[in-house]
Amino acid sequence: IRDALYEREDLRLPSLAEKLKLSTHQLSELINVHYQMSFNQYLNVHRILVACELLLKRDKTILTIAYEVGF
C-alpha cells in the first residue's frame, strides 16, 4: 500500500521530518535549497500536480479531488 503523505491535510514539516529521520531544519533547508521554495509551497505544488492528473480523468468533482489530495 502506497503511503501518500501529501494527502494528509494535517501534514506539517515536523511530522514529515520525523518520518524521514531528519531534523526540521535539515528538511526545510533541503526543500529551500534544492527546490527554492518553502515547505508549504512545495507541498501545494505537489498536491496541485496530482490534482491536475485526477481532473483529466473527469470522474470526480473538483471538491472531491481537492480533499483527496490534501487541501
- Side-chain donor or acceptor of Glu53 paired with backbone N/O of Val50 under 3.5 Å: no
- For Gln36 and Val33, indicate whether the former's side chain and the latter's backbone hold a donor-acceptor pair under 3.5 Å. no
- After noting the C-alpha distance and the side-chain angles of Arg8 and Leu5, does the key distance pass the side chain to side chain contact (heavy atoms under 4.5 Å, CB included) rule? CA-CA 6 Å; Arg8 293 182 40 201; Leu5 293 173; 4.1 Å; yes
- Task: Could you tell me whether Asp59 and Lys57 make a salt bridge, using a distance below 4.0 angstrom between a side-chain N and a carboxylate O?
- Result: no
- Message: I'd like to know whether CD of Glu18 has more than 12 heavy-atom contacts from other residues, nucleotides or ligands below 6.0 angstrom.
- Response: no
Value rounded to 0.5 Å, distance of [atom1] in [X] from [atom2] in [Y]:
{"X": "His46", "Y": "Gln41", "atom1": "NE2", "atom2": "CD", "result": "15.5 Å"}
{"X": "Leu27", "Y": "Lys19", "atom1": "CG", "atom2": "NZ", "result": "13.5 Å"}
{"X": "Tyr6", "Y": "Leu11", "atom1": "OH", "atom2": "CG", "result": "11.5 Å"}
{"X": "Glu9", "Y": "Arg47", "atom1": "CD", "atom2": "CZ", "result": "8.0 Å"}
{"X": "Leu13", "Y": "Leu43", "atom1": "CG", "atom2": "CG", "result": "10.0 Å"}

- Message: Checking Phe71 against Ile48 for the side chain to side chain contact (heavy atoms under 4.5 Å, CB included) test, could you report, in this order, the C-alpha distance in whole Å, the side-chain angles of both residues, the deciding distance, and whether it holds?
- Response: CA-CA 9 Å; Phe71 284 109; Ile48 290 168; 3.9 Å; yes
Student check: side-chain heavy atoms of [X] and [Y] closer than 4.5 Å:
{"X": "Ser28", "Y": "His25", "value": "no"}
{"X": "Ile62", "Y": "Tyr67", "value": "no"}
{"X": "Met37", "Y": "Asn32", "value": "no"}

- Can Phe39 and Leu16 be said to form a side chain to side chain contact (heavy atoms under 4.5 Å, CB included), step by step? CA-CA 10 Å; Phe39 170 74; Leu16 182 57; 3.6 Å; yes
- Message: Run Leu54 and Glu68 through side chain to side chain contact (heavy atoms under 4.5 Å, CB included) and show every step you take.
- Response: CA-CA 10 Å; Leu54 294 174; Glu68 191 173 313; 3.5 Å; yes
